Student: 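The structure's right below; bear with me while I get my questions together.
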Amino acid sequence: MNPSDLYARLRETVLAALAQIVPDLPADVAARVEITSTRDPAHGDMATNAAMVSAKAARQPPAKIAAALVQHLNAAPEIASAESAGPGFVNLRLHSSAFRALLPIILASGEAYGDATTGTGTKVNVEYVSANPTGPMHIGHCRGAVVGDALANLLGKAGFEVTKEYYINDAGAQVTALAWAAYWRYLQAVGSPMTEHEFAEEVPGGLQYRGEYLIEVGKTLAARFQASLATPDLGIASPEIWLDTVKDLTIEAMMTEVREDLRLLGVQQEIFSSERALVASGAADAIIEKLHADGLIYEGVLEPPKGKTPEDWEPRPQTLFRSTDFGDDVDRPLRKSDGSNTYFANDIAYHADKVSRGYDVLIDVLGADHGGYVPRMKAAVRAISQDAVKFEAVLCQIVHIMRGGQPVRMSKRAGTYVTLRDLLEEVGKDAVRFTMLTRKADAQMEFDLDQVLATTRENPVFYVQYAHARCRSVLRAAAEMFPGTPIADQDLAKTSVDTLAGDPELTLIRRLALWPRTVEAAALAREPHRIAFFLYDLAGDFHMLWNRGKDDATLRFLQPDQPAETLARLALVAATAVVIRSGLAVMGVTPVEEMR
RNA sequence: GCGCCCUUAGCUCAGUAGGAUAGAGCAACAGCCUUCUAAGCUGUGGGUCGGUGGUUCGAAUCCACCAGGGCGCGCCA
């Protein structure tokens, strides 16, 4: 139980009372007892379903249990009144002092307010981005990066021991194609007479990456190796001579770019794991060996997929993993026909590595197009960990960039696609991060460049930042109005807040009281977007309170001739700012001190 | 054909581990600036929660089926 969570405290009170009424209450029933905030103020501040959920186990009608609960709860110190209502709800009205008492707690805790113990003792690995190092990060990678980063922060706030990880997909055909593309830029740099068309004719699978971002890599290669990677007449040399060298350098150059993109986005992952290194270490073969020993591998022939059989389909014996034993639809191949490992085989080895590092939960943040991949990975993690480790996937749907109501077309081939760098330069890190979190991850989203920069309520980034800036502005003005009076958060934590009794004030405080359970619920649901919506609502409550000062000057926060009243109001303002900062920290957004 | 995700106000979306009369923003309409920043605030109208059944004291939420949209389905990663 989190002592700074008012709702959690009341739940304990209700459970204690319920235990007196129903002595042998089963634990699973007790677990279903909830305290919710009420939608209708006529129902009080909070309501509990305790009587309804325990009725069956207690063999008593809900109304009877509710009546008994009311008696017990009316004796609780924080509760002003309890009454039964509707089908068996018990509505609770708290003394407003119970809410006010949160302000000193918030101010003393600072941004740690809302920290939960839900995840204490659970080690979680969150893997995200994991883009192929084949070019600059684009908008498609960005959502996963932000969602993953915010989710990791959120889990950390909820008490989980979190590791942020990036899996570099630097093995396989894609990076070989990349190396060929970089080699082309190298040949250009050393003055090869070949045309792009002539070169492309010689590339197995064709020249796939034509973006200009490889020109620099080509120049670097030329500077370091002169013409030694080409034939004497500056044509294509045998791949044995150059492929590994070019691949190494190109991947390194791409990863440097990716890391810089991530840095600009405010993403800092602790671990970068390389697929190439994994393959080189023989880990994939080792894990296949182990699964074989466990009887989970066999040679078999898969049925062709129904409905859409590929042209060149032919039955072929393959090395298959019994993923169907662990809930997958079909068994999955681990080796290609040429004997090399599939991506899946390498990925099993990678996740086995994560399992061996002692995590209890592995979360992969993936693009929605990887949805079909999830069941087999889930199966694999169950198999290699003997069900001890849980694998979860958070799928991010596609993002459409909009400008002036029109979609911004992206063409990788033409090199006109929107890079993350472009986006960051145009709207800034904080707006990108916040906006990416204003939708559920698994819902498609439109990223409207005009709206993200708008300074209106329509733009949640602005609206929340504005609320924080207003809080800070009030505190700055207060420092001038009352020179010599200490008004740091720690000072305001000691001030009396008894005078805060108006409806808008209490509405705001109630919202602040919801922060801990918002964190907890969002973390358990793996939904960082809930933080953004909470902050938007909180900002709305604050702006409303602020505007009351327009109609009635006595309701303004700063009252020059009433220092005690002012200090109480400053405590509320400061606590609001604390919670906004606490939420923005989860989102990885920097709070602003003033709007300009 | 199969699997996963989605469908809530005219538009874009929330809906807190099944709770009471389903909420915001935009758009529409009506108000509020000698101010701690009006970059904002207040109010009004607008809904058979895709459809039909089921479970339950109680369903937008859970289950089944159906319709519509998206993604995926051996040697791509």
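In the text below, chain A, chain B and the rest are named by the order of the sequence lines, each starting its count at 1. Being a predicted model, the structure only gives us computed values, none of them experimental.
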Student: Return no unless some side-chain N or O of A/Arg32 is found under 4.0 Å from OP1 or OP2 of B/U56.
Tutor: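 Answer is no, no contact under 4.0 Å.
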Student: For A/Met544, which contact category applies under a 4.0 Å heavy-atom criterion: base, sugar-phosphate, or nothing?
Tutor: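 The answer is sugar-phosphate, as A/Met544 gets under 4.0 Å only of primed atoms, P, OP1 or OP2.
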Student: Taking the six-membered ring of A/Tyr298, is NZ or CZ of A/Arg322 closer than 6.0 Å to its centre and within 45° of its axis?
Tutor: yes
Student: Look at all strands and tell whether A/Leu558 reaches a base, only sugar-phosphate, or nothing, counting heavy atoms closer than 4.0 Å.
Tutor: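 Base, at least one base heavy atom under 4.0 Å.
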Student: In residues 507-519 of chain A, which ones come under 4.0 Å of RNA chain B, going by heavy atoms?
Tutor: none
Student: Got a second to check how far A/Tyr373's OH is from A/Asp328's CG, nearest 0.5 Å?
Tutor: 11.0 Å
Student: Below 4.0 angstrom from OP1 or OP2 of B/U37, is there any side-chain N or O of A/Trp546?
Tutor: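 So the side chain of A/Trp546 is outside the cut-off, no N or O lying under 4.0 Å from OP1 or OP2 of B/U37.
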Student: Below 30° counts as parallel, above 60° as perpendicular, anything between as tilted: where do the rings of A/Tyr167 and A/Tyr350 land?
Tutor: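 Answer is parallel, since the angle falls under 30°.
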Student: OP1 or OP2 of B/A39 sitting under 4.0 Å from any side-chain N/O of A/Thr456?
Tutor: no
Student: List in chain and number order the residues that pass side chain to side chain donor-acceptor pair (under 3.5 Å) with A/Tyr166, two or more places apart in sequence or in another chain; answer none if no residue qualifies.
Tutor: none
Student: Is there a donor-acceptor pair under 3.5 Å between the side chain of A/Gln465 and the backbone N or O of A/Val592?
Tutor: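 Side chain of A/Gln465 to backbone of A/Val592, a donor-acceptor pair under 3.5 Å: yes, one is there.
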Student: Treating primed atoms plus P, OP1 and OP2 as sugar-phosphate and everything else as base, which nucleotides of nucleotides 20-28 of chain B get B, S or - for protein heavy atoms under 4.0 Å?
Tutor: BB-SSSS--
Student: Whole angstrom is fine here: how far is it from CG in A/Asn346 over to C1' in B/A77?
Tutor: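 After rounding, the reported distance stands at 10 Å.
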Student: Roughly how far apart are A/Asp537 CG and A/Phe542 CZ, rounded to 0.5 Å?
Tutor: 15.5 Å
Student: Rounding to the closest angstrom, what is the interatomic distance between B/G58 and B/C71 at atom P?
Tutor: 40 Å
Student: Expressed in angstrom and rounded to an integer, what is the separation of A/Asn341 atom CG from B/G74 atom P?
Tutor: 18 Å
Student: For a quick check of understanding: with a heavy-atom distance under 4.0 Å over all strands, which category does A/Arg470 fall into, base, sugar-phosphate or nothing?
Tutor: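 Contact class for A/Arg470: sugar-phosphate only.
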Student: Which value, rounded to the nearest 0.5 Å, describes the distance between A/Arg556 atom CZ and A/Arg569 atom CZ?
Tutor: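 Result: 11.0 Å between the selected atoms.
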Student: Using atom CZ of A/Phe534 as one end and atom P of B/A14 as the other, report the distance to the nearest whole Å.
Tutor: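 After rounding, the reported distance stands at 18 Å.
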Student: Among side-chain atoms of A/Ser473 and A/Glu594, is any donor-acceptor pair under 3.5 angstrom?
Tutor: no
Student: Rounded to whole angstrom units, what separation is found between the OH atom of A/Tyr466 and the C1' atom of B/C41?
Tutor: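 After rounding, the reported distance stands at 10 Å.
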Student: Of A/Leu524 and A/Pro333, whose nearest nucleotide on RNA chain B comes first from the 5' end?
Tutor: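 Residue closer to the 5' terminus by nearest nucleotide: A/Leu524.
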Student: Please state the C1' separation for the pair B/U21 and B/G3 - nearest whole angstrom.
Tutor: 40 Å
Student: Counting the atoms with a prime plus P, OP1 and OP2 as sugar-phosphate, which does A/Tyr463 contact under 4.0 Å by heavy atoms, base, sugar-phosphate, or nothing?
Tutor: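 A/Tyr463: backbone/sugar contact only, no base atoms under 4.0 Å.
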Student: With rounding to whole Å, what would you report as the distance between B/A28 and B/A22 at their C1' atoms?
Tutor: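 The same atom, C1', in both gives a distance of 22 Å.
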Student: Between B/G10 and B/U52, how far apart are the two C1' atoms, rounded to whole Å?
Tutor: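 Those two atoms are separated by 27 Å.
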Student: Return the value, rounded to whole Å, for the distance between atom CZ of A/Arg526 and atom C1' of B/C5.
Tutor: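 In whole Å, B/C5 C1' and A/Arg526 CZ are 19 Å from each other.
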Student: Just the atom pairs and distances: protein N or O near nucleotides 67-71 of chain B's N or O, under 3.5 Å.
Tutor:
| unit_1 | atom_1 | unit_2 | atom_2 | d |
| --- | --- | --- | --- | --- |
| B/G70 | O2' | A/Gln444 | NE2 | 3.4 |
| B/C71 | O2' | A/Ala368 | O | 3.3 |

Student: In terms of side-chain heavy atoms of A/Arg376, which of B/G3, B/A77, B/A14 is nearest?
Tutor: B/A77
Student: With a 4.0 Å cutoff (strictly under), does any side-chain N or O of A/Lys336 reach OP1 or OP2 of B/A77?
Tutor: yes
Student: Does the ring of A/Phe321 carry A/Arg376 above it, NZ/CZ under 6.0 angstrom from centre and within 45° of its axis?
Tutor: no
Student: A/Arg439 has a side chain; which of B/G3, B/A14, B/A39 sits nearest to it?
Tutor: B/A14
Student: Please report, rounded to the nearest Å, how far the P atom of B/C36 is from the CG atom of A/Leu475.
Tutor: 16 Å
Student: So if I take every side-chain heavy atom of A/Asp442 and compare against B/C5, B/G19, B/G40, which nucleotide ends up nearest?
Tutor: B/C5
Student: For B/A14 versus B/A67, give the span between their P atoms, rounded off to a whole number of Å.
Tutor: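 The answer is 26 Å between these two P atoms.
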Student: Students often get this wrong, so: under 4.0 angstrom with heavy atoms, is A/Phe533 touching a base, only sugar-phosphate, or nothing?
Tutor: sugar-phosphate
Student: Not counting sequence neighbours, which residues clear side chain to side chain donor-acceptor pair (under 3.5 Å) with A/Arg472? List them please.
Tutor: A/Glu593
Student: What interatomic distance, in whole Å, is found between P of B/U44 and the corresponding atom of B/G1?
Tutor: 50 Å
Student: Contact class for A/Arg530 vs. all strands (heavy atom < 4.0 Å): base, sugar-phosphate, or nothing?
Tutor: sugar-phosphate
Student: For A/Glu275, report the nucleic acid contact type (base, sugar-phosphate, nothing); a contact means any heavy atom under 4.0 Å.
Tutor: sugar-phosphate
Student: Rounded to whole angstrom units, what separation is found between the NZ atom of A/Lys378 and the C1' atom of B/G72?
Tutor: 16 Å
Student: State whether the side chain of A/Arg548 and the backbone N or O of A/Pro504 hold a donor-acceptor pair below 3.5 Å, judged by distance alone.
Tutor: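 Flag not set: sc A/Arg548 to bb A/Pro504 has no pair under 3.5 Å.
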Student: In this structure, how many angstroms lie between the P atom of B/G74 and the CG atom of A/Asp338, rounded?
Tutor: 17 Å
Student: Does NZ or CZ of A/Arg517 lie under 6.0 Å from the centre of the six-membered ring of A/Tyr7, at an angle within 45° of the ring axis?
Tutor: yes
Student: Taking atom P in both B/C49 and B/C11, compute the distance separating them and give it to the nearest angstrom.
Tutor: 16 Å
Student: Side-chain donor-acceptor contacts of residues 41-49 of chain A below 3.5 Å, not counting sequence neighbours, with atom names and distances?
Tutor:
| unit_1 | atom_1 | unit_2 | atom_2 | d |
| --- | --- | --- | --- | --- |
| A/Asp45 | OD1 | A/Arg510 | NE | 2.9 |
| A/Asp45 | OD1 | A/Arg510 | NH2 | 2.8 |
| A/Asp45 | OD2 | A/Leu94 | N | 2.8 |
| A/Thr48 | OG1 | A/Glu34 | O | 2.9 |
| A/Thr48 | OG1 | A/Ala50 | N | 3.1 |
| A/Asn49 | OD1 | A/Glu34 | N | 2.8 |
| A/Asn49 | ND2 | A/Arg32 | O | 3.3 |

Student: Does A/His351 reach the main-chain N or O of A/Asp347 with its side chain, forming a donor-acceptor pair under 3.5 Å?
Tutor: yes
Student: For B/A30 and B/G18, measure between their P atoms and round to the nearest Å.
Tutor: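 Here B/A30 and B/G18 have their P atoms 44 Å from each other.
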